[in-house]
Amino acid sequence: MESNDFLFTWKPDKWPYDKLRALTDAVTAGQAVEEPWRCQAHRQIGVGMRAYLFKQGALPRGIFGIAEVVGPPVEHDEAEPGEGRYMVPLRFEVLFDPTKRFLMTEEELLRLPAPRHRWRTQASGIRLEPEVARAIDAKAAMQGLGRFKGHDSGDWIASPQKRERLIEVYDRDQTLAKELKRLYGGECQICGSAPFNGVFGDVSEAHHIQWLSRGGQDTLDNVILLCPNHHAAMHSAGPEFNRDTLEFRFGSKVVPVRLNHHLKPSCGS
C-alpha cells in the first residue's frame with residue numbers, strides 16, 4: 001500500500017528566511033496558517049494527506065514542521081529551471097524556526113527506516129516512508145504539539161515504545177550493512193557498480209528484501225546491498241523476489257541478483 005505521507009523541503013537559498021520566520025511566529029501564536037509549497041509528486045498527493053517539512057542545505061538539518069494538505073495541486077508559471085511547477089496548500093500543525101530548533105534532527109532521522117539519500121533529496125513533495133512519518137508523529141505526540149496537544153499518541157501512530165523499537169532495529173541494521181559492504185566492496189548486487197567509484201566514500205545501501213513493515217526479518221539472509229538508484233527503485237516499485245532464482249520482478253521485467261556471496265536459493269537450501 002502506498003504511503004499518504006510526503007516530505008517537503010525548505011531551501012534557505014531559495015525561499016526567504018524572513019517569510020518562513022513570519023509563518024513560524026503565526027503558528028506559535030496559535031493562528032491557522034496555510035502556505036502553498038512545491039510538490040513533485042503532484043499526481044499522487046491529495047487533500048488530507050500528511051506533509052513533513054525538512055530543512056536542506058548547510059548543517060544543521062532536520063524536520064521542523066508537520067502539516068496537512070488542504071487543497072489540490074495548482075500549476076504555477078514562475079518556477080525556476082529544475083523546480084516543479086505544481087504547488088499544494090499546506091496547513092501547519094507544527095512549525096519551528098529551523099535555525100533554532102528541530103522536531104527531529106538529521107541524526108535521529110538517519111536511524112529510522114528510510115534510505116540515506118532520502119535526506120539528500122533536492123526535490124520537494126515526494127513520498128515519505130510511513131514508518132518514518134509515524135516516528136515523527138510519535139515525537140510530536142510526546143511533546144504535545146499541534147494536533148496532538150492534550151492527547152496521547154494513540155494507536156494510529158507509533159507509540160514511544162514502538163519508536164524506540166524502530167531505532168533499536170535500525171541500529172542493528174548498521175551492523176548488517178557494514179558486513180555487506182565488506183563482503184561486496186561497496187558494489188551494488190544488481191548492477192555491480194560502486195557509486196561514484198568510491199570518490200565520495202561508500203554510499204551503497206542495505207535493503208531488506210522483505211520489508212520489515214511487511215513482516216521481514218533484520219537478518220543477513222533478508223538484506224541485499226544496492227546502489228542508491230536501485231534502492232530507490234525497490235521502495236518505489238516494491239517488486240516481488242523469487243528466492244529460488246534470486247530475481248526481482250518489476251511487472252514483466254526480471255532483474256537478477258548478479259553479485260551474490262551470502263544469499264542461498266530456496267531450492268538449494
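The structure displayed is predicted, hence computed values, not measured ones. Excluded from the calculations below are hydrogen atoms, water molecules and symmetry mates; all remaining heavy atoms, backbone and side chain alike, are included.
Asp18 and Arg21 are not joined by a salt bridge, as no carboxylate oxygen comes within less than 4.0 angstrom of a charged side-chain nitrogen. Under 4.0 Å is where a charged nitrogen must lie from a carboxylate oxygen, and between Glu35 and Arg91 no such pair does.
Side-chain rings of His76 and Tyr86 stay apart, their centers remaining 6.0 Å or farther from each other.
Using the six-membered ring where Trp is involved, Phe248 and Phe241 have ring planes that are tilted, between 30° and 60° apart. Ring geometry for His231 versus His207: interplanar angle over 60°, hence perpendicular rather than tilted (30 to 60°).
Val94 and Val70 are members of different hydrophobic clusters when ILVMFWY side chains are connected at heavy-atom separations under 4.5 Å.
Checking side-chain atoms of Trp37 against main-chain N and O of Met87 turns up no donor-acceptor pair under 3.5 Å. Of the possible donor and acceptor atoms, none in the side chain of His261 sits under 3.5 Å from a partner among the backbone N and O of Leu180.
Summarising the local packing, CD of Glu107 is surrounded by 12 or fewer heavy atoms from other residues, nucleotides or ligands at distances under 6.0 Å.
Legend: residues meeting side chain to side chain donor-acceptor pair (under 3.5 Å) with Arg249, ordered by chain and number and at least two apart, are absent. For Lys100, there are no side chain to side chain donor-acceptor pair (under 3.5 Å) partners, not counting sequence neighbours. Residues passing the side chain to side chain donor-acceptor pair (under 3.5 Å) test with Gln217, sequence neighbours excluded: none.
Between His230 and Cys188 the shortest heavy-atom distance is ND1-SG, 3.8 Å. Nearest heavy-atom pair across Asp5 and Pro130 is OD2-CA, 3.7 Å.
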